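Structure record follows, encoded as structure tokens.
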Number of protein chains: 2
Amino acid sequence: MANRPNQGRSPVRAAPGWNAEEPDSSSLTQAALDAIREDILSGELTPNTRLRMQMLRERYDIGASPLREALSRLVSDNLVLSLQRRGFVVAPVSLSDFRDLTNLRKLLEKEALSQALARGDDRWEAAIVAAFHQLNRVQERFDPNDRNSVVAWEDMNREFHDALVSACKSAWLLRTRNTAYICSERYRRLCLSITSISRDVKAEHKQLLEAAMDRDVSTIHVLISEHLEATFRKVEESGKLDEVALEQD
Amino acid sequence: MANRPNQGRSPVRAAPGWNAEEPDSSSLTQAALDAIREDILSGELTPNTRLRMQMLRERYDIGASPLREALSRLVSDNLVLSLQRRGFVVAPVSLSDFRDLTNLRKLLEKEALSQALARGDDRWEAAIVAAFHQLNRVQERFDPNDRNSVVAWEDMNREFHDALVSACKSAWLLRTRNTAYICSERYRRLCLSITSISRDVKAEHKQLLEAAMDRDVSTIHVLISEHLEATFRKVEESGKLDEVALEQD
DNA sequence: ATATGAAAAATTATCGAGAAGTTTAGGATC
DNA sequence: GATCCTAAACTTCTCGATAATTTTTCATAT
């Protein structure tokens with residue numbers, strides 16, 4: 001592998017001396033996949049942006065082949081669209097799509113929680129408590145201007161919700177839930193300034209935790225539905241999805 | 001490994017003079033995607049088969065790049081696994097995976113049917129009746145030895161079930177349902193000699209149709225659950241998933 | 001026999017170039 | 001000025017070659 005400029009924003013390629021431990025970082029396709037997905041989720045690559053090869057090659061410092069493979073995977077994950085002979089586009093967003101997605105998420109989360117509450121053992125409970133605690137800590141010293149702090153919150157929020165359903169044994173359900181989660185995350189990040197985390201998110205999470213401990217399925221169904229709905233409403237109120245305009249690169 | 005009687009099984013490449021009308025057949029990636037998916041579904045490519053590039057190139061007469069892109073998409077669809085630096089494998093099967101998948105399908109089909117029954121109009125009803133009628137016709141002159149007849153039945157069965165949920169307006173739900181349907185179809189074809197269609201499938205379909213016309217949601221929930229469960233039981237009884245053996249190419 | 005290890009064979013992952021197709025730009029015609 | 005046509009410019013898509021592994025083979029030592 002030759003010496004490249006790599007002045008781009010996403011340091012994809014491995015550093016000179018790197019720990020040969022990562023699961024699959026050795027593959028450029030994987031690196032491209034992670035980098036592009038992250039950029040789409042974070043809004044760095046905005047909806048409807050044409051993903052031109054030349055641009056991508058410069059941006060990620062990766063050849064066209066691994067990039068195309070990564071994009072192909074993202075197509076199946078609904079983050080990218082493939083236009084028949086005209087390359088790839090960042091999947092568009094719309095309020096109605098988010099409405100739709102939120103409904104599906106409700107269905108999947110409820111089912112996953114039902115199973116988790118039925119099967120969860122002490123370790124499961126402990127993992128939730130731990131994630132909850134850590135999430136609160138991160139939230140205390142949260143700084144909306146510090147990129148790292150924001151990322152840390154995103155990660156912990158996700159870990160908490162993952163912990164809740166982690167006792168669910170259905171791989172299919174969890175995979176499907178995860179796909180939906182990712183796309184939903186995109187809407188949240190696109191529309192909600194991270195500042196508005198404050199909400200009552202902490203209170204909501206606490207209620208979820210308690211319902212989980214009590215194995216109160218019907219309550220947790222209501223809570224998770226409201227949790228997701230609250231996010232939807234915030235996105236709706238943000239007004240950032242009001243234009244159906246077809247933005248371009 | 002070279003003695004693969006692949007001849008002509010999958011005529012992927014376009015014939016000399018062809019109608020430039022197809023939606024996307026112009027893309028070799030798309031052709032490869034369709035062909036490989038079909039071969040995995042039909043069992044032509046058996047579970048755990050290593051998908052070696054040379055083999056694939058000969059088999060489909062397509063270069064490595066489009067093949068890799070197609071495989072990348074199938075990874076996201078759970079039909080193919082990507083081994084970090086060792087290529088691709090046809091996703092394995094197991095009874096427990098099918099159990100899991102069937103449960104997810106119940107959840108998705110029930111929700112989709114709820115929405116369809118709530119929103120369906122006259123045209124929706126007509127489409128169901130039409131598909132039901134056509135399915136029965138195909139079933140009457142069904143010949144398990146005629147490849148075309150088998151494919152025709154598969155297609156019509158699918159069209160009937162698609163018609164039932166077609167009034168559901170949730171694109172996310174339908175997409176997700178479709179992914180699950182495809183993987184489920186693989187299990188059915190892998191394990192059930194098409195001869196056993198006979199079952200009471202016709203009766204079951206008729207009941208589904210009637211419940212749809214009556215907009216009887218709770219009944220159709222029970223019916224679709226039993227329908228899927230019956231298929232699961234058949235697969236289970238076939239005993240073809242008893243071995244966990246790791247087959248190879 | 002079993003384990004060790006280096007060389008050979010096989011296979012994947014990646015790049016660069018070229019063919020196929022799409023978009024843009026600039027007239028010519030009505 | 002608007003529409004249609006053609007040529008240039010640009011992109012995507014695909015192939016073949018090459019680098020970077022992984023797997024196999026086989027001789028050697030325990």
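The shown structure was predicted, so the numbers you read here are calculated from the model rather than taken from an experiment. Just so it is clear: chains get the letters A, B, ... in the order the sequence lines come, proteins before strands, and each one is counted from 1.
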Return the value, rounded to whole Å, for the distance between atom CZ of A:Arg50 and atom C1' of D:dC13. 14 Å

Take atom CG of A:Leu67 and atom P of C:dC15, then tell me their distance rounded to the nearest Å. 8 Å

Looking only at side-chain atoms of B:Pro66, point me to the closest of D:dT11, D:dC15, C:dT14. D:dC15

Expressed in angstrom and rounded to an integer, what is the separation of B:Asp61 atom CG from D:dC15 atom C1'? 12 Å

Any base atoms under 4.0 Å from A:Leu51, or only sugar-phosphate, or nothing? Heavy atoms, all strands. sugar-phosphate

Using a strict 4.0 Å threshold on nitrogen-to-oxygen distance, state whether A:Asp97 and A:Arg186 make a salt bridge. no

Pair A:Val90, A:Val80 - check side-chain contact (heavy atoms from CB on, under 4.5 Å), show working. CA-CA 5 Å; A:Val90 178; A:Val80 163; 5.5 Å; no

OP1 or OP2 of D:dC10 sitting under 4.0 Å from any side-chain N/O of A:Gln54? no

Just the rounded figure in Å: distance from C1' of D:dG16 to CE of B:Met53. 14 Å

Would you tabulate the nitrogen or oxygen pairs shorter than 3.5 Å linking the protein to nucleotides 5-7 of chain C?
none

Is there a donor and acceptor pair, one atom on the side chain of B:Ser27 and one on the base of D:dC13, closer than 3.5 Å? no

Has B:Gln54 got more than 12 heavy atoms of other residues, nucleotides or ligands less than 6.0 Å from its CD? no

With distance as the sole criterion, is a donor-acceptor pair present between the side chains of B:Asp143 and B:Ser149 under 3.5 Å? no

Phosphate OP1/OP2 of D:dT23: any B:Arg86 side-chain N/O under 4.0 Å: yes

Does A:Thr29 have a side-chain nitrogen or oxygen under 4.0 Å from the phosphate oxygens OP1 or OP2 of C:dT14? yes

To the side chain of B:Ile62, which of C:dA13, C:dT12, D:dC15 is closest? D:dC15

Rounding to a whole Å, what distance do you find between A:Leu28:CG and D:dT21:P? 11 Å

Contact under 4.0 Å: A:Arg85 side-chain N or O vs D:dC13 OP1/OP2: no

Whole angstroms only, please: what is the CD-P distance between A:Glu69 and C:dT14? 7 Å

Can a donor-acceptor pair be found between the side chains of A:Thr176 and A:Thr179 at a distance below 3.5 Å? no

Could you label the plane-to-plane angle of the B:Phe98 and B:Tyr187 rings as parallel, tilted or perpendicular, counting under 30° as parallel and over 60° as perpendicular? parallel

Can you tell me how far P of C:dT12 sits from CD of A:Gln30, to the nearest Å? 18 Å

Among the candidates C:dC15, D:dT12, C:dT12, find the nucleotide nearest to the side-chain atoms of B:Arg52. C:dT12

